Every structure is written in structure tokens, then in C-alpha cells.
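Below is one structure; the comments refer to it alone.
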Amino acid sequence: MDSKDLAAEMSILLDEMEGDQGDPHELYLRVRQLLSNMQAIGMPPPEDLLRLERELEESFKSGN
């Protein structure tokens with residue numbers, strides 16, 4: 001996956017987040033995969049995506 005593919009995936013993910021978020025676990029897994037792909041090609045992860053990942057992790061830990 002190159003940087004253009006990652007940008008497209010991030011755009012799709014953000015569009016979905018603005019609408020019906022669906023299953024938060026699915027969203028979390030997609031965010032983690034996107035971050036992993038970014039790391040694999042040496043792209044710096046956006047802070048807002050890292051923050052979303054942390055917030056989702058915290059919500060799962062607290063049981064919400």
C-alpha cells in the first residue's frame with residue numbers, strides 16, 4: 001500500500017466516522033490497520049488518528 005492508497009483509506013474512514021459510525025470495534029481495528037500501514041511505509045501518523053486510537057482503547061477499557 002503506497003501513500004496514495006493510505007490517503008484514500010483515511011479519507012474513506014473519516015467519511016464513515018462523520019456518518020453512521022457502526023461498530024466501534026470495527027472502527028478501532030480499521031484505525032489500527034491504517035496506522036500500521038503508515039508505519040510500514042515510514043509515514044508519520046497524524047496526531048488526530050493516534051488520539052482516536054487512544055480514545056477508542058480507553059472506551060473499551062472503561063466498558064463504554
Side-chain angles (χ1 to χ4, degrees):
M1 187 176 274
D2 65 14
S3 62
K4 289 180 185 179
D5 292 336
L6 287 172
E9 178 66 24
M10 190 179 323
S11 177
I12 291 168
L13 183 63
L14 292 174
D15 286 345
E16 289 176 2
M17 288 171 49
E18 289 177 358
D20 181 16
Q21 292 186 3
D23 180 16
H25 288 95
E26 178 67 25
L27 176 60
Y28 173 72
L29 292 174
R30 291 183 63 194
V31 168
R32 298 248 332 164
Q33 183 64 47
L34 183 57
L35 289 170
S36 177
N37 289 342
M38 293 179 87
Q39 182 181 14
I41 64 170
M43 286 181 67
E47 184 56 40
D48 55 349
L49 206 53
L50 291 171
R51 185 174 49 250
L52 175 60
E53 177 191 33
R54 287 189 301 268
E55 289 172 4
L56 288 167
E57 284 177 356
E58 288 302 315
S59 72
F60 298 144
K61 289 178 185 176
S62 67
N64 293 334

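For reference, positions follow the sequence shown, starting with 1. Just so you know, these numbers come straight off a predicted model, no measurement behind them.
- The side chain to side chain donor-acceptor pair (under 3.5 Å) search around Glu55 returns none, not counting sequence neighbours.
- In this structure, the separation between CG on Leu34 and CG on Leu29 is 12.5 Å, given to the nearest 0.5 Å.
- Note: Phe60 and Tyr28 have perpendicular aromatic rings, judged against thresholds of 30 and 60 degrees for the angle between ring planes.
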request  = Would you check, one step at a time, whether the test side chain to side chain contact (heavy atoms under 4.5 Å, CB included) holds for Leu56 with His25?
outcome  = CA-CA 8 Å; Leu56 288 167; His25 288 95; over 6 Å; no

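- Distance alone, capped at 3.5 Å, places no donor-acceptor pair between the Ser36 side chain and the Arg32 backbone.
- Pro46 and Met38 make their closest contact through CD-CE, 3.4 Å (heavy atoms, listed as atom of the first residue, atom of the second, distance).
- Applying the ring pair (Phe, Tyr, Trp, His ring centres under 6.0 Å) test to every pair with at least one member in residues 29-55, sequence neighbours left out, gives no pairs at all.
- Judged as a side chain to side chain donor-acceptor pair (under 3.5 Å), and not counting sequence neighbours, the contacts of Gln33 are Asn37.
- With sequence neighbours left out, the side-chain contact (heavy atoms from CB on, under 4.5 Å) criterion links Arg30 to Glu9, Ile12, Leu13, Glu16, Glu26.
- The stretch residues 41-52 participates, sequence neighbours left out, in these salt bridge (Lys or Arg N to Asp or Glu O under 4.0 Å) pairs: Glu47-Arg54.
- Enclosure of atom CD in Gln39 is not indicated, since only 12 or fewer non-hydrogen atoms of other residues, nucleotides or ligands lie within 6.0 angstrom.
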